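Everything on this sheet refers to the single structure shown next.
Reminder, nothing fancy here: chain letters follow the sequence lines and each chain counts from 1. The structure displayed is predicted, hence computed values, not measured ones.
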Amino acid sequence: QKEVEQNSGPLSVPEGAIASLNCTYSDRGSQSFFWYRQYSGKSPELIMFIYSNGDKEDGRFTAQLNKASQYVSLLIRDSQPSDSATYLCAVLFTGGGNKLTFGTGTQLKVEL
Amino acid sequence: NAGVTQTPKFQVLKTGQSMTLQCAQDMNHNSMYWYRQDPGMGLRLIYYSASEGTTDKGEVPNGYNVSRLNKREFSLRLESAAPSQTSVYFCASRARGESNLRSSYNEQFFGPGTRLTVL
């Protein structure tokens, strides 16, 4: 069974700090990775997509992919209270057709 | 564009009752999905439809049926509700029918969710 693992948290960081969220996956051949943000009581929304090894930056968000070690990370710089949410990692496994496999999510709390 | 819409937003059922959750998208997407989300379990795929006229089982299909009515609409039916089906249900859609690993078109857009309680 292809799996996506995340630490459930909560991860608490002070405002202005860097939050680091991690995700590991079981299938070495996987190539597409997504980070979704989900506020309490709301639906998930995509914040980052990464395909290639290395880093991808979008504003305060950086996704890092290491295929050899089978992990993908999300860094949030200058964390704000509005970043407090659950972050879901999702992987498009090879041979998985049109389906994403989601991790259980990491709850992030940014404290004043 | 409304995006992905779901009805109802909330529902309470008694054990054994049936109901249909409705989902519609106005983005001309080919693929549609039904997930359930339970505390500590993340999003689990119930059924999906890669294109109009096709449906396939996901990770947790037991107790559910689906209908891809047309390209816009994808419904989820509970024939005989059980307390274990108490959950939040999300519908999602995706632009492309086929997988393109390099493309962010693999992004799935989610509806607002339906909170279902089965007593």
Item checked: Audit row: Cys23(A), Tyr87(A), side-chain contact (heavy atoms from CB on, under 4.5 Å) steps and yes/no -> CA-CA 10 Å; Cys23(A) 170; Tyr87(A) 290 80; over 6 Å; no
Item checked: Lys109(A), NZ: over 12 other non-hydrogen atoms inside 6.0 angstrom -> no
Item checked: Sidechain N-carboxylate O distance under 4.0 Å for Asp56(B), Lys99(A) -> no
Check: Between Gln38(A) and chain B, which part of the residue has a heavy atom less than 4.5 Å away: side chain, backbone, both or neither?
Finding: side chain
Notebook entry, point to check: Measuring heavy-atom distances to chain A, does Leu45(B) have an atom under 4.5 Å in its side chain, in its backbone, in both, or in neither?
Noted result: side chain
Check: What are the residues of residues 111-119 of chain B, in order of number, with any heavy atom under 4.5 angstrom from a heavy atom of chain A?
Finding: Gly111(B), Pro112(B), Arg115(B)
Next item on the list: Group every Ile, Leu, Val, Met, Phe, Trp and Tyr by side-chain heavy-atom contacts under 4.5 Å, then state whether Val88(B) and Tyr36(A) land in the same group.
Entry: yes
Check: In terms of heavy-atom pairs under 4.5 Å, which option from Gly103(A), Pro44(A), Ser8(A), Gly41(A) contacts chain B the most?
Finding: Pro44(A)
Item checked: Pair Asp38(B)-Ser87(B), side chain to side chain donor-acceptor pair (under 3.5 Å): steps then yes or no -> CA-CA 6 Å; Asp38(B) 303 293; Ser87(B) 188; 2.8 Å; yes
Next item on the list: For the residue pair Phe110(B) and Phe90(B), categorise the inter-ring angle as parallel (less than 30°), tilted (30 to 60°) or perpendicular (more than 60°).
Entry: perpendicular
Margin query: Regarding Ser67(B) and Arg77(B), do their side chains bring together a donor and an acceptor under 3.5 Å, going by distance alone?
Written below: no
